[in-house]
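Any value given below was found using the heavy atoms of this structure, including those in side chains, with hydrogens, waters and symmetry copies removed.
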Amino acid sequence: AATAMRCRERQQAIEVGKYVERDGRFYQELGHAWDFSRRDFIVVYRPLHHRGASEGKCEAHVLAASDFRDFGSFRPISYAELDAAAKAFALPGPFWQDEEWALPAETSPMPAGVATTSGLGTRSHQTSPSRRT
């Protein structure tokens, strides 16, 4: 009975994940990550299919990252919309853990003219920046 319960909990965690589609291919959004080289947040996601290298496009990979502008071309979908092959690739989240984290899991764009707490980037987990005195 415990094993069946754990299997059901795992399946539920997979089903509530964030999924997107682009050009008929499916992807699982893992979260928003700070990119130190860009000094801004990016979206981290994974293809729900084998992704080999493609000349002039990309190397083979299991994880990918994109800026939010490019990621806007991905269409949000539900788990139910994935095909069987993509469902077999889906993993349960969340993909991070921090017991002290009190901010939203996802970032939001900062309003025009409003700087982030660090003064870097265009997005933040905070709805309004902290001011240090």
Side chain to side chain contact (heavy atoms under 4.5 Å, CB included) assessment of R6 paired with R10: CA-CA 6 Å; R6 281 192 297 276; R10 182 180 194 281; over 6 Å; no
Would you sort out whether L120 and F36 count as a side chain to side chain contact (heavy atoms under 4.5 Å, CB included), showing the intermediate values? CA-CA 10 Å; L120 303 173; F36 282 92; over 6 Å; no
Donor-acceptor check, side chain of T117 to backbone of S130, threshold 3.5 angstrom: yes or no? yes
Grouping ILVMFWY residues whenever side-chain heavy atoms fall under 4.5 Å, the cluster of V16 otherwise contains none
Under 6.0 Å from the CZ atom of R75, do we count more than 12 heavy atoms belonging to anything else shown? yes
Could you walk me through whether I77 and F26 pass the side chain to side chain contact (heavy atoms under 4.5 Å, CB included) check? CA-CA 9 Å; I77 60 169; F26 300 110; 3.4 Å; yes
Could you see if V20 belongs to whatever hydrophobic cluster contains Y79? Use Ile, Leu, Val, Met, Phe, Trp, Tyr and a side-chain cutoff under 4.5 Å. no
Can you list everything that forms a side-chain hydrogen bond (donor to acceptor under 3.5 Å, both in side chains) with S78? Sequence neighbours excluded, please. E81
Using the test side-chain hydrogen bond (donor to acceptor under 3.5 Å, both in side chains), find all partners of E99 that sit at least two apart in sequence or belong to another chain. Q97
By the rule that ILVMFWY residues connect when side-chain heavy atoms come within less than 4.5 angstrom, directly or transitively, which residues belong alongside W96? W101, L103
Partners of D67 by side-chain hydrogen bond (donor to acceptor under 3.5 Å, both in side chains), sequence neighbours excluded? R69
Listed partners of R46 passing side-chain hydrogen bond (donor to acceptor under 3.5 Å, both in side chains), at least two apart: Q28
Fellow cluster residues of L30, listed by chain then number, with links counted only when side-chain atoms sit under 4.5 Å apart: V44, V62, L63, L91, F95
Hits for ring-ring contact (aromatic ring centres under 6.0 Å, His included) against Y27, two or more places apart or cross-chain, chain-then-number order -> Y45, H49, F74
Test log, rule side chain to side chain contact (heavy atoms under 4.5 Å, CB included), inputs F68 and T122: CA-CA 10 Å; F68 284 87; T122 60; over 6 Å; no
Taking only residues at least two apart or on different chains, which pairs with a member in residues 100-114 satisfy salt bridge (Lys or Arg N to Asp or Glu O under 4.0 Å)? K18-E106
Qualifying residues under side chain to side chain contact (heavy atoms under 4.5 Å, CB included), relative to S37, sequence neighbours excluded: D35
What's the shortest heavy-atom distance between A90 and Y19, and which atoms? CB-OH, 3.7 Å
So does F41 get a backbone contact from the side chain of R123, meaning a donor-acceptor N/O pair under 3.5 Å? no
Using the test side chain to side chain contact (heavy atoms under 4.5 Å, CB included), find all partners of T116 that sit at least two apart in sequence or belong to another chain. M110, S118, S124
What pairs meet the salt bridge (Lys or Arg N to Asp or Glu O under 4.0 Å) rule with one or both residues in residues 51-63, with sequence neighbours excluded? none
For G93 against A13, the heavy-atom pair lying closest together: O-CB, 4.0 Å
Counting only heavy atoms from other residues, nucleotides and ligands, does the tally under 6.0 Å from CZ of R38 exceed 12? yes
Inter-residue atom distance H125.NE2 - S108.OG, 0.5 Å rounding: 9.5 Å
In Å, rounded to the nearest 0.5 Å, how long is the span from CD of E15 to CZ of R8? 5.0 Å
pair S73-R22: side-chain heavy atoms closer than 4.5 Å: yes
